[in-house]
Each structure stands twice: as C-alpha cells, then as structure tokens.
Amino acid sequence: MGAFPRYEENKESMLRVMRNHRLAAYDADEYEGLEDQATGAEGEITVRLFTDSGYPGLDEAVQLGEKYGYRNAQTTVIAPTGTIGW
C-alpha cells in the first residue's frame, strides 16, 4: 500500500518523531530537535515492552520506516502517567 499520502514532504519530521519515541523508550537524556526537555519512559519494563519478542521493537520500526516509510501517521502511543494501570 505504500506510505501515507504526503509522507515524502513530511518524511524528515516523521522520522525524527519515531527516533524520539525510540529514545524515550530507552529513557534517553537528550532528544532530537526538541526545544523543551522530554521525559523518558523510565524503567526496564517499558524497554522490554518495546523490544521483547512478539513486539516489532522501536529499533526495527525506525529502521524499516527509514527504508519504506510509514502507512499510518500515528505509529506509537505512550499513555500519560496515571491513566492506565497494570
């Protein structure tokens, strides 16, 4: 099906967002192209949710997105703190 309409003109921004989502999963100290400091996902359990077998993993999602683009503009969602429970 290919990437979403107008992906090419939004490619760099979309890839930056995906790289920042990956950085958040790994609780990074710095993010790409942000004026304000973002808060990472904090904790080993969050990283495991994105990287264990059965999940595509954000490393792979970024790599494949760089190669093929993205079909959907919304690709990852991390719920705000306090809105869901385990």
Side-chain angles (χ1 to χ4, degrees):
M1 295 183 98
F4 62 83
R6 299 178 67 182
Y7 172 76
E8 283 303 317
E9 68 188 81
N10 295 289
K11 181 178 181 175
E12 289 308 312
S13 295
M14 184 71 188
L15 291 172
R16 179 181 48 81
V17 167
M18 292 304 297
R19 288 188 296 263
N20 281 335
H21 284 208
R22 177 181 56 193
L23 288 168
Y26 288 105
D27 201 19
D29 292 327
E30 294 184 28
Y31 295 86
E32 183 181 334
L34 297 181
E35 292 179 19
D36 296 319
Q37 180 61 35
T39 302
E42 296 183 17
E44 181 183 337
I45 193 166
T46 304
V47 173
R48 284 198 328 258
L49 285 172
F50 287 116
T51 58
D52 280 356
S53 60
Y55 293 92
L58 289 174
D59 293 332
E60 184 178 9
V62 170
Q63 179 185 32
L64 292 173
E66 290 171 344
K67 185 172 183 178
Y68 299 109
Y70 295 96
R71 179 68 191 148
N72 297 308
Q74 183 68 46
T75 56
T76 62
V77 176
I78 299 174
T81 302
T83 62
I84 59 174
W86 287 97

What are the two closest heavy atoms between [X] and [Y], and how far apart are they?
{"X": "Leu23", "Y": "Glu30", "answer": "CD1-O, 3.7 Å"}
{"X": "Arg22", "Y": "Leu58", "answer": "CA-CD1, 3.7 Å"}
{"X": "Pro5", "Y": "Arg71", "answer": "CD-NH1, 4.4 Å"}

Check your understanding: Does Tyr7 have any ring pair (Phe, Tyr, Trp, His ring centres under 6.0 Å) partners at least two apart in sequence or in another chain, and if so, which?
Key -> Phe4
Exercise for review: Give, for atom CZ of Arg6 and atom CG of Asn10, the distance between the pair rounded to the nearest 0.5 Å.
Suggested key: 6.5 Å
Exercise for review: For Arg19, check side-chain hydrogen bond (donor to acceptor under 3.5 Å, both in side chains) against everything at least two apart and list the hits.
Suggested key: Glu32
Review point. Taking only residues two or more places apart in sequence or in another chain, which ones pass salt bridge (charged side-chain N to carboxylate O under 4.0 Å, His left out) with Glu12?
Key: none
Review point. Okay, side chain of Tyr70, backbone of Ala61: is any donor-acceptor separation there less than 3.5 Å?
Key: yes
